[in-house]
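The analysis underlying the following values was restricted to heavy atoms, covering all of them including side chains, and did not include hydrogens, waters or symmetry mates. Counting convention: from 1, in listed order, for ligands and their atoms alike. All residue numbers in this chain count up from 1 along the given sequence.
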Amino acid sequence: MIIKGSCHCKATQFEAAYVPETVTRCTCSICSKRGGLWAYYKPADVRFISDDAKETYQWSSKICKLNFCRVCGCSTYNETPDFSTGEPNFDNPQIVLNARLFDDFDVGGIPVFEIDGKNLW
Ligand SMILES: [Zn+2]
């Protein structure tokens, strides 16, 4: 089932190929302040209908692109390599959508997986 999402002002609109089975909450310094619940996709499984007001924040190693809408300020999505092995795999890029932006979706209805980013990086 395709799921749609948007930032508050609709400058960012996207479709993902399927509803995530879990979302991830990360305790690292930036995620805890941004407040996102993250859903991981391959780039081919996400289509951006509009992404006109994208701004990008990068910090530390600057490997990850943390995107937000410059109009309404919503944290929209991240562009990262796959970190599942502990090392960045640039051959497996990921689009990490903020599941709080999914439209007509009860994010409280799926399990939240917590990453202890505060202590891991
Ligand atoms: Zn916006």
Side-chain angles (χ1 to χ4, degrees):
M1 188 185 93
I2 289 176
I3 185 161
K4 297 183 179 191
S6 58
C7 66
H8 190 257
C9 75
K10 308 285 188 194
T12 310
Q13 296 181 55
F14 56 78
E15 292 179 344
Y18 55 88
V19 175
E21 292 181 0
T22 64
V23 291
T24 297
R25 179 175 58 222
C26 175
T27 64
C28 84
S29 61
I30 182 67
C31 284
S32 61
K33 289 185 183 285
R34 294 174 83 207
L37 289 172
W38 305 113
Y40 293 77
Y41 292 93
K42 295 182 190 307
D45 288 332
V46 178
R47 185 171 79 90
F48 285 93
I49 297 149
S50 171
D51 197 17
D52 298 335
K54 172 181 167 179
E55 293 288 344
T56 299
Y57 177 66
Q58 292 182 284
W59 66 294
S60 187
S61 65
K62 303 203 172 178
I63 290 173
C64 300
K65 293 180 179 174
L66 310 177
N67 301 313
F68 61 96
C69 174
R70 72 170 163 267
V71 178
C72 67
C74 287
S75 294
T76 50
Y77 66 102
N78 305 329
E79 297 167 86
T80 78
D82 176 22
F83 279 101
S84 60
T85 64
E87 294 295 321
N89 178 359
F90 295 96
D91 293 330
N92 189 19
Q94 298 187 308
I95 299 288
V96 186
L97 298 174
N98 184 357
R100 293 194 183 277
L101 271 52
F102 290 158
D103 295 320
D104 304 318
F105 178 71
D106 177 15
V107 77
I110 57 174
V112 177
F113 174 74
E114 186 165 290
I115 294 179
D116 188 18
K118 183 178 180 181
N119 295 306
L120 289 173
W121 58 80

Exercise for the section: Hey, can you tell me if F48 and F14 have their rings parallel, tilted or perpendicular (30° and 60° cut-offs)? Expected result: perpendicular
Exercise for the section: Could you confirm whether C74 has any N/O/S atom lying under 2.8 Å from the Zn ion (ligand 1)? Expected result: no
Exercise for the section: Drop me the distance from Q13's CD to D103's CG, to the nearest 0.5 angstrom. Expected result: 8.0 Å
Practice task
Return yes if some donor-acceptor pair links the side-chain N/O of R100 with the main-chain N/O of G35 below 3.5 Å, else return no.
Solution key: yes
Handout entry: Atom pair SG (C72) and NE2 (H8), whose distance is rounded to the nearest 0.5 Å
Key = 7.0 Å
Problem - Where the Zn ion (ligand 1) is the vertex, angle from C7 SG to C69 SG to 10° - result: 110°
Exercise for the section: May I ask you to check if any N/O/S atom from C72 comes under 2.8 Å of the Zn ion (ligand 1)? Expected result: yes
